[in-house]
Amino acid sequence: MFRFIASIFDRIIFTLTFILGMQVPAFINAYRQRLSGHVEEAQIQLLNFQSIADKYHQGDLTQLLSAYRASTDPGVNASAELVLNLIDRIAQLKSHLGKLTEGEYIQQLYYFFIDMDSNIAKATLNDYQFSLPIELSAMATGLVVALLVTLLVSQTAGRLVPQH
């Protein structure tokens, strides 16, 4: 009887972890889309500063930043730092997005887990809806996760249950 219950438990664990594993590529795709939105929004914000540079500094954003820094108003000085931070953020987001869209799936998976932006990941998770993607990457990820977790659970359970 115990073997029957253990077998059912193993199948349940396998099925649940398979479905959860299948979510990884779908979640990464949703994360990638949100990341792309952040890039686009940051570029729109930078275009506002660029239009000021176009109008008053012959299109040179560096001259605009120099003018901001030369101001005696601390608020205007702080604006220069905001623009520099925005430029850096755009470069960082574009690099991150590029790494998530280029290369093999395993490389994308590795990069996602190593360098994900936790704020963007949390926002993605808040809006994420479970799905059952019928893609090779989703099924392969689900299978690997399910096999590893099932193996780990059965090995752990085998050590806890006395053998007859």
Side-chain angles (χ1 to χ4, degrees), residues 1-51 61 65 78-164:
M1 178 70 165
F2 177 74
R3 287 188 192 271
F4 176 72
I5 293 172
S7 174
I8 290 175
F9 183 71
D10 281 346
R11 288 181 181 139
I12 291 170
I13 293 292
F14 181 88
T15 303
L16 290 176
T17 54
F18 180 79
I19 292 170
L20 286 174
M22 287 179 69
Q23 300 310 302
V24 172
F27 182 81
I28 291 173
N29 188 47
Y31 174 86
R32 189 182 305 125
Q33 290 172 351
R34 183 175 292 270
L35 185 62
S36 179
H38 279 266
V39 169
E40 289 176 25
E41 181 60 31
Q43 287 175 325
I44 289 170
Q45 290 177 14
L46 187 59
L47 280 176
N48 292 326
F49 291 103
Q50 184 62 56
S51 68
L61 199 55
L65 294 176
S79 295
E81 291 305 312
L82 288 175
V83 174
L84 288 172
N85 290 341
L86 184 58
I87 291 168
D88 289 343
R89 179 78 171 151
I90 290 170
Q92 176 192 20
L93 291 172
K94 280 184 170 182
S95 172
H96 189 51
L97 184 60
K99 290 177 182 176
L100 285 175
T101 55
E102 298 169 0
E104 299 295 321
Y105 173 67
I106 297 295
Q107 293 168 320
Q108 293 173 8
L109 198 62
Y110 172 79
Y111 183 74
F112 173 76
F113 283 111
I114 297 303
D115 286 333
M116 82 172 89
D117 182 305
S118 61
N119 291 328
I120 295 174
K122 286 176 188 173
T124 304
L125 186 59
N126 287 339
D127 293 334
Y128 183 74
Q129 294 185 4
F130 280 89
S131 61
L132 290 176
I134 309 297
E135 299 172 346
L136 183 59
S137 61
M139 291 184 183
T141 304
L143 182 61
V144 168
V145 169
L147 288 173
L148 289 174
V149 170
T150 302
L151 181 63
L152 180 67
V153 168
S154 66
Q155 290 296 319
T156 304
R159 290 187 187 134
L160 297 176
V161 176
Q163 302 293 323
H164 289 99

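One finds the CG atom of Leu152 at 10.5 Å from the OG1 atom of Thr17 (value rounded to the nearest 0.5 Å). Rounded to the nearest 0.5 angstrom, Ile13 CD1 and Phe18 CZ are separated by 15.5 Å. Atom OG1 of Thr124 is separated from atom NZ of Lys122 by 12.0 Å, given to the nearest 0.5 angstrom. Between the CD atom of Glu41 and the CG atom of Leu93 there is a distance of 11.5 Å, given to the nearest 0.5 Å. Taken to the nearest 0.5 Å, the CG atom of Asp10 stands 6.5 Å off from the OG1 atom of Thr150. Between the NZ atom of Lys99 and the CD1 atom of Ile114 there is a distance of 11.5 Å, given to the nearest 0.5 Å.
With respect to Arg89 and Asp117, a salt bridge is recorded, a charged nitrogen being found less than 4.0 Å from a carboxylate O.
Heavy-atom minimum distance, Ala121 versus Phe27: O-CZ, 3.6 Å. Smallest separation of non-hydrogen atoms from Met22 and Leu132: CE-C, 4.3 Å. Across Ile120 and Arg34, no two heavy atoms sit closer than the pair O-CD, 3.6 Å.
The main-chain N or O of Pro25 is never found under 3.5 Å from a side-chain atom of Asn29 such that the two would form a donor-acceptor pair. Using modelled atom types, no side-chain atom of Ser95 and backbone atom of Gln92 make a donor-acceptor pair closer than 3.5 Å. Listed for the Thr101 side chain is a donor-acceptor partner under 3.5 Å among the backbone atoms of Gly98. Using modelled atom types, no side-chain atom of Gln50 and backbone atom of Leu61 make a donor-acceptor pair closer than 3.5 Å. Remark: side-chain polar atoms of Gln107 are paired, donor with acceptor, to backbone N or O of Glu104 under 3.5 angstrom.
Side-chain contact between Phe14 and Leu143 is present, with at least one heavy-atom pair separated by less than 4.5 Å. Using a 4.5 Å heavy-atom cutoff, the side chains of Gln108 and Arg32 are in contact.
For an aromatic pair to be called close, the ring centres must be under 6.0 Å apart, and His96 with Phe112 fails this.
Within 6.0 Å of CG on Leu136 lie no more than 12 heavy atoms contributed by other residues, nucleotides or ligands.
Ring orientation note: the planes of Phe130 and Tyr128 are nearly perpendicular, at an angle over 60° on the 30°/60° scale.
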Could you walk me through whether Leu100 and Tyr31 pass the side chain to side chain contact (heavy atoms under 4.5 Å, CB included) test, one step at a time?
CA-CA 10 Å; Leu100 285 175; Tyr31 174 86; 3.4 Å; yes
Chi angles and distances behind the side chain to side chain contact (heavy atoms under 4.5 Å, CB included) call for Gln43, Ile90:
CA-CA 7 Å; Gln43 287 175 325; Ile90 290 170; 4.2 Å; yes
